[in-house]
Structures are given as structure tokens and as C-alpha cells.
Amino acid sequence: MPSLFRIDYHPDGKVKNITSTKQGYEQVVKRYVSNFDAAQFCTSSIVPYMQVIHDRISLEIARGCSRGCRFCMAGMIYRPVRERSMQKILEIAETTLASTGYEELSLASLSTGDFTGIEMLLKNLMQRHQKDRIAISLPSLRAETLCRSLMEEIKLVRKTGFTIALKQAPSGCAMQSTKTSLKMTSCIRSQRYLKQGGS
Ligand code: SF4
């Protein structure tokens, strides 16, 4: 609470001190879900009658991002990286699909392509749900994490959307200081995969 802190400034306007005005408020203690498998997930959400944006199940498979781009607030505040286990994701997907009747499942996270075992997860989901024509979408991918096998799995049911984050810095130096490591070749390669796959 800003009102519980006093801020002193240097003559040039920079912050000199931040002092708590209430005892026990000297430090902020970060709270976060340490065991992501135990985090709650609503498996029986309300299904609207009309078509809405994001008209699908959005299953958060991981929280946090290991890339640490310096300009990214979400990457900083959602630290540390935590992933749901494959078993838990499969369980949640099964229950939520059965209770909502949705035909699309989106695997959400800050950088879904960085999920450990993303290819195996997609294979498992397809094996279980392809017969029911459940499509899978990947809403947040770094260009270098998109590969042909991911495309092939997704195409088994129908082509869904891909959201690829193209973060480019103007020079090697800027890339280093912002910690973005995306190369133009990766962007072109993933764009080629998408085009070949018909997306
Ligand atoms: S990869 Fe994306 S989500 Fe991760 S830190 Fe960078 S900008 Fe943020």
C-alpha cells in the first residue's frame, strides 16, 4: 500500500530511501503457488450460448518463463517457472472436455513451446482426443520453438491458430542487453513451417 511508505528523493529526483511508516511492513513477502500441480483449475466452467472470443478451454500448462527478457513484466513477476505434470494436464483436459463439451483445447502459458515434453504432451492429447475431433491450439510460442512435429500433431484434427511472438532487437548488443535471443533465421523457418502446413 503506497500510503504506508515514505519516499525520500535526491535533489536530482532519484529515489533516496523508501521507509515503511508501519511496523511489520518493512519487507514485501512474495506469495506464489509453489506446487503447480496442486493449483486449482476450474474443470466445469460456464459455457456461453453465443460465440465468444477464446471460445475454448484454456488450460494453463505452466506459469512463469525461463527466458528472462528484460522488457517483459510477466516474465519477471511470475517467477519461478513451474510446470504442471503431464499426468495432471491429461486429467484436467479429460474432465474439462467432458463437462463443457468444448471441441478445442488451448495449451496456455507464457511460452508454451518451452514446456518440457511439449511434443509428448501433444501426442498424448491427440491419442486420447483425436477420435472426438478435439483440436489443440498453441497460443504463445517463441518462433524457434515451433517445429514440424508440433505442426503435424496439431493438423491431425484441424488447423488451429498459432500465436508467435517475434521479438527482435536491432543489433547484437541490444539483443544481449534485452536478453532476446531470437534470430531472424528462426522466424523465417517457423513462417515456412506454417506456410507448408497451410496455417
Ligand atoms: S519469452 Fe516472452 S514471456 Fe518469456 S520473458 Fe520473453 S517476452 Fe516474456
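Both ligands and their constituent atoms are indexed starting at 1 by order of listing.
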- prompt: Which pairs, with at least one residue in residues 16-41 and sequence neighbours excluded, count as a side chain to side chain donor-acceptor pair (under 3.5 Å)?
  reply: Asp37-Ser85
- request: Output yes when a side-chain donor or acceptor of Asp55 lies under 3.5 Å from a complementary backbone atom of Gln51, and no otherwise.
  value: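 No.
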message: If the cut-off is 4.0 Å to any non-hydrogen atom of Cys72, which atoms of ligand 1 fall inside it?
response: 3 (S), 5 (S), 7 (S), 8 (Fe)
- prompt: Near Arg142, which atoms of ligand 1 are under 4.0 Å from a heavy atom of that residue?
  reply: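 Counting from 1, the qualifying ligand atoms are 1 (S).
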query: Within a strict 4.5 Å, meaning less than it, do heavy atoms of the Arg56 and Leu105 side chains meet?
result: no
task: Please determine if atom 4 (Fe) of ligand 1 has an N/O/S atom from Cys65 lying under 2.8 Å away.
output: yes
- prompt: Is the number of heavy atoms from other residues, nucleotides or ligands within 6.0 Å of NE2 (His10) greater than 12?
  reply: yes
query: Does at least one non-hydrogen atom of Gly68 fall below 4.0 angstrom from an atom of ligand 1?
result: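 It does; at least one heavy atom falls under 4.0 Å.
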- request: Please list, chain by chain and in numerical order, all residues satisfying salt bridge (charged side-chain N to carboxylate O under 4.0 Å, His left out) with Asp132, sequence neighbours excluded.
  value: none
message: Any N/O/S atom, side chain or main chain, of Cys69 closer to atom 8 (Fe) of ligand 1 than 2.8 Å?
response: no
